[in-house]
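Just so it is clear: chains get the letters A, B, ... in the order the sequence lines come, proteins before strands, and each one is counted from 1.
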Amino acid sequence: MVTAITGQAEDFSQWYVDVIRKAELADYAPVRGCMVIRPYGFGIWERARDLLDLRIKRDAGCQNAYFPLFIPQSYLEKEAEHVEGFAPEVAWVTHGGDEELEERLAIRPTSEAIICSMYSKWISSYRDLPLLINQWSNVVRWEKVTRPFLRTTEFLWQEGHTVHQSEEEAEEYTLMILQMYKDFFWEDLAIPVIDGIKSEREKFAGALRTYAVEAMMPDGRSLQAGTSHNLGQHFAKVFDIKYLDEKQKEVYAWQTSWGVSSRIIGALIMTHGDDSGLMLPPKVAPVQVVVVPIIFDATKEKVLAESRKLAEELNSEGIACKVDDREGQTAGWKFAEWEMRGVPLRLEVGPKDLEKGTVLSVRRDNRKKEFIPRDGVSAFIKDFLPAFQQDLLKRAEERQEALTQVVEDYGEFKHLMEGRPGFLISGWCGDDACEGKIQEETKATVRVIPLDEMDFPKKCLCGKKAKRAAYYAKAY
RNA sequence: CGGGGCGUAGCGCAGCCUGGUUAGCGCGCCUGCUUUGGGAGCAGGAGGCCGGAGGUUCAAAUCCUCUCGCCCCGACCA
């Protein structure tokens, strides 16, 4: 064994870190809590980013823009809840060269403050609305504990910031974004998510309401994967975002903000990976198909030529295909290597295939082997990739279902939460104190309050009448 | 930020308790030959201020102090 990975069952956290390093997704940087996203990891991010960017433009109607990294302290402090929420984790710039700055500059932990300050200049009429802008950027949050991709000091994300004429319109848009995120996770990343509204204590600092999608990881912890906030008029009032409506009345605007971060790479690793390493959904795989030539001296040239020709052919048809024609490694080593890196399909081309006019295909999930007629390879792959994407989703969905159960009794709830049972669905009275007590006693939090109609226990865990269902889990 | 563990070659580790020659081992890397359909074999070779800074000592990877970083479990967050 050259590159052993710790087994998932043995130590899930260690498995996660092993995969990241061995598959060359990322490496630790000299600065605490920071990581380098290496080309293969960045390749996954680029694909996911492009898929989401398409939806942001097409479904959400946004245009991309870019705002500064620095936010003056006074701007960040305008919205009281906002500053209170972010103050503990802001990195500050105090000097420019040798000169001390008159006002400290925050390195953005999120961009509401700087963006709203500009919006206030740009908006003066109802005709300027809605204003729909998205930004792809990095942000910095000085977190106490960090983990690659899941929580790093600096991370990459997109943040959408929109302005609307009415509360209803803003609310509708917030929910539309939530649906867009759901589609992105289910369809593009093959990650099943639950969705709903956050409780008061879990909502974004400065928001009126926060909606979120959450994904259940194989270790039973929930990962907040995307958030969509209805900001109400909180920021409009302090940043003075006003416009003249059709009746010539000056009114404050209504806003939303929403984001998805490079954390999704962590979700991809955990959701689909196994003891052999990564397993990537074809839509985000930097390499969808790898061709491994089986080299013997007598047939080496012919096999290499055929392998390269095959890869060229597939690439020209839009399939991300790579030939592993390195000569230092044996075929078996390459098999293990590409499995670890999560490539959905491997094609082997050897002398026997040349004779028979076939190639051998091996899929990543179950290693099932199949001989494909050489002239049918491209058609085979075009069927295979979407099917594989579906298979991964189904596998993840089944696990999420297995990690979700309804619990009525608080004693049982506490007992289950001593482990990592995944999602526990219960009734909730809606009382903040009740939620706080449960969190204190079990470490579990309300992940979301589902919006869809569903059956739920009529009593809250505290014994009072339940108003709504709630998904509880321990969270990342 | 609290509790626990760990920093020695690219990776994984031994050596430390009980200070003492040129600091070892496995994998990887380089060269050559034989190999290649599930992590190849043999031979030769390169690669280290022992995380960093102070101290104790004739002498420090080893003892002491401080510091930085990583991992795990908690409290906080995308």
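Atom pair A:I295:CD1 and B:rG37:P shows a separation of 11 Å (rounding to whole Å applied). Atoms NZ (A:K203) and C1' (B:rC77) sit 17 Å apart, rounded to a whole Å.
Taking only side-chain nitrogens and oxygens, A:Q439 comes nearer than 4.0 Å to OP1 or OP2 of B:rC76. For B:rU36, the OP1/OP2 oxygens have no side-chain nitrogen or oxygen of A:K334 closer than 4.0 Å. A sub-4.0 Å separation between OP1 or OP2 of B:rC71 and a side-chain N or O of A:Y16 is absent. OP1 or OP2 of B:rC71 has not a single side-chain nitrogen or oxygen of A:S13 nearer than 4.0 Å. Phosphate contact (OP1/OP2 of B:rA78, side-chain N/O of A:R147, threshold under 4.0 Å): absent.
Shown here, B:rC50 forms no base pair; nothing in the strands shown gives a Watson-Crick or G-U wobble contact with both key distances under 3.5 Å. Pairing partner, B:rU31: B:rA43, with both Watson-Crick or wobble hydrogen-bond distances short of 3.5 Å.
Inspection of the A:E370 and A:S361 side chains reveals no N or O donor paired with an N or O acceptor under 3.5 Å.
In the set B:rC70, B:rU36, B:rA75, B:rA75 carries the atom at the smallest distance from any side-chain atom of A:K443. Of the candidate nucleotides B:rA78, B:rU36, B:rC77, B:rA78 has the atom lying nearest to any side-chain atom of A:S261.
Within 6.0 Å of OH on A:Y476 lie more than 12 heavy atoms contributed by other residues, nucleotides or ligands.
Of all heavy-atom pairs spanning A:P293 and A:D324, the tightest one is CD-O, 3.1 Å.
Residue A:F413 is tested with A:F423, A:W428, A:Y472 for a ring pair (Phe, Tyr, Trp, His ring centres under 6.0 Å); the sole match is A:Y472. Between A:L310 and the options A:D353, A:V349, A:V323, a side-chain contact (heavy atoms from CB on, under 4.5 Å) holds for only A:V349.
Atom CD of A:E89 is separated from atom CH2 of A:W142 by 12.0 Å, given to the nearest 0.5 angstrom.
A:W333 does not qualify as a stacking partner of the B:rA40 base, lacking a centre-to-centre distance under 5.5 Å together with planes within 30°.
At a threshold of 4.0 angstrom between heavy atoms, the contacts of A:R447 with the nucleic acid are absent.
Taking atom P in both B:rG2 and B:rG20, the straight-line distance is 35 Å, to the nearest Å.
For the contact set between residues 342-369 of chain A and RNA chain B, defined by any heavy atom under 4.0 Å, the members are A:R346, A:E348, A:G350, A:P351, A:K352, A:D353, A:L360, A:V362, A:R367, A:K369.
When ring centroids are compared, A:H82 and A:F204 come within the 6.0 Å threshold.
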